Amino acid sequence: IAHEVTRTITWKVDTIAPVVTCNSGNGDITVCVGDAGNVSFVSTASDNCDGSVPVNCVRSDGLSLEDAYPVGTTTVTCTATDECGNIGTCSFNVIVLANPTCALTAPATLPVCGSTGNTLTSTSTNATSYSWSVSGSGWAITGGANTATATYTAGTGPATFTLTVT
């Protein structure tokens with residue numbers, strides 16, 4: 001009596017790496033230094049054979065993803081490996097801006113009472129917005145109230161200029 005045996009062998013042939021999407025496809029993250037400890041993101045990976053695959057993300061400075069990010073740029077690289085060993089990666093930057101600073105220098109020549117077209121300029125770092133105000137009898141900001149250089153009309157008596165930068 002002859003016996004017949006049938007065996008089926010199944011294997012995967014996969015040479016395509018998983019597609020990794022960093023930060024939900026939103027690109028770099030920019031925060032001010034006060035929010036450097038509150039950075040969160042979602043990264044995912046999908047593979048042609050395995051479907052959804054786990055993603056592992058690491059920071060370029062070697063710290064935990066939950067640690068506060070330092071001022072400057074830190075690269076986060078995310079990697080996913082499918083069952084066949086194919087590796088997909090993506091990366092994005094976490095950019096932490098330092099608190100803005102500004103300095104004002106009084107003009108070399110003080111303005112004449114009632115004169116117009118006078119300017120006061122701020123030297124600022126990390127500033128994204130400006131807001132000038134002035135108090136004093138007859139003093140007025142006449143231009144550039146939301147820029148680094150304000151134009152003003154001189155009044156009579158003393159004046160106090162205030163610049164808020166963010």
Side-chain angles (χ1 to χ4, degrees), residues 1-105 119-134 141-152 160-166:
I1 296 183
H3 292 283
E4 187 175 310
V5 177
T6 302
R7 308 238 182 203
T8 302
I9 300 173
T10 304
W11 68 91
K12 286 185 187 180
V13 177
D14 177 15
T15 58
I16 299 172
V19 175
V20 185
T21 302
C22 280
N23 188 26
S24 300
N26 294 321
D28 293 343
I29 298 172
T30 301
V31 297
C32 290
V33 71
D35 292 322
N38 298 320
V39 174
S40 64
F41 58 89
V42 175
S43 295
T44 59
S46 178
D47 186 64
N48 63 315
C49 288
D50 302 326
S52 180
V53 292
V55 177
N56 181 46
C57 298
V58 295
R59 291 169 45 161
S60 59
D61 61 6
L63 297 177
S64 167
L65 294 173
E66 292 78 26
D67 288 343
Y69 287 76
V71 171
T73 301
T74 303
T75 301
V76 176
T77 301
C78 300
T79 305
T81 305
D82 67 15
E83 289 181 6
C84 291
N86 300 305
I87 300 170
T89 63
C90 66
S91 63
F92 64 97
N93 295 313
V94 175
I95 303 160
V96 178
L97 303 175
N99 286 329
T101 60
C102 69
L104 299 176
T105 305
T119 60
L120 192 56
T121 300
S122 162
T123 304
S124 305
T125 58
N126 299 316
T128 57
S129 68
Y130 301 85
S131 178
W132 288 91
S133 63
V134 62
I141 302 290
T142 57
N146 297 310
T147 67
T149 301
T151 304
Y152 63 94
T160 300
F161 285 86
T162 302
L163 172 62
T164 302
V165 295
T166 55

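Here, residue 1 is the first one in the sequence, and each next residue gets the next number. Treat the numbers as computed from the prediction; the structure is a model and nothing was measured.
Inter-residue side-chain proximity for Pro54 and Asn56 is flagged as unmet; no heavy-atom pair is nearer than 4.5 Å. Using a 4.5 Å heavy-atom threshold, the side chains of Leu97 and Thr30 count as touching. Between Thr81 and Ile87, some side-chain heavy-atom pair lies under the 4.5 Å cut-off. A heavy-atom distance below 4.5 Å is found between the side chains of Phe161 and Ile141. The side-chain heavy atoms of Cys90 and Phe92, taken from C-beta on, include no pair separated by under 4.5 Å. Two residues are said to be in side-chain contact when any heavy atoms from C-beta on lie closer than 4.5 Å; Leu65 and Phe41 meet this criterion.
Among the candidates Val94, Thr77, Thr75, Asp67, the single residue satisfying the side chain to side chain contact (heavy atoms under 4.5 Å, CB included) test with Arg59 is Asp67.
Atom CH2 of Trp132 is separated from atom CG of Leu120 by 4.0 Å, given to the nearest 0.5 angstrom. For the atom pair CD1 of Ile16 and CG of Asp50, the computed distance is 11.5 Å after rounding to the nearest 0.5 Å. One finds the OG1 atom of Thr73 at 11.5 Å from the CG atom of Asp61 (value rounded to the nearest 0.5 Å). To the nearest 0.5 angstrom, Ser40 atom OG is 7.0 Å from Ile29 atom CD1. Rounding to the nearest 0.5 Å places OH of Tyr69 at 11.5 Å from CG of Asn38.
Looking only at distances, a side-chain donor or acceptor of Asp28 sits under 3.5 Å from a matching main-chain atom of Asn93. No donor-acceptor distance shorter than 3.5 angstrom exists from the side chain of Asp14 to the backbone of Asn86, with no hydrogens or angles considered. Of the possible donor and acceptor atoms, none in the side chain of Thr162 sits under 3.5 Å from a partner among the backbone N and O of Ser133. Remark: the backbone N or O of Glu66 is paired with a side-chain donor or acceptor of Ser64 at under 3.5 angstrom. Of the possible donor and acceptor atoms, none in the side chain of Ser52 sits under 3.5 Å from a partner among the backbone N and O of Ser46.
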Thr89 vs Val20, side-chain contact (heavy atoms from CB on, under 4.5 Å): CA-CA, chis, key distance, verdict: CA-CA 6 Å; Thr89 63; Val20 185; 5.7 Å; no
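As summarised for Cys49 and Cys84, their two SG atoms remain at a distance no smaller than 2.5 angstrom, missing the threshold. When the SG-SG distance for Cys22 and Cys57 is compared with the 2.5 Å cut-off, it comes out at or above that value.
Taking each heavy atom of Asp47 and Ala17 in turn, the nearest pair found is OD1-C, 3.9 Å. Among all heavy-atom pairs drawn from Val53 and Ala80, the shortest one is CG2-CB, 3.8 Å. Across all their heavy atoms, Ser131 and Asn146 have their closest contact at CA-OD1, 4.2 Å. Closest non-hydrogen pair, Val55 versus Cys78, comes out as CG1-CB, 3.7 Å.
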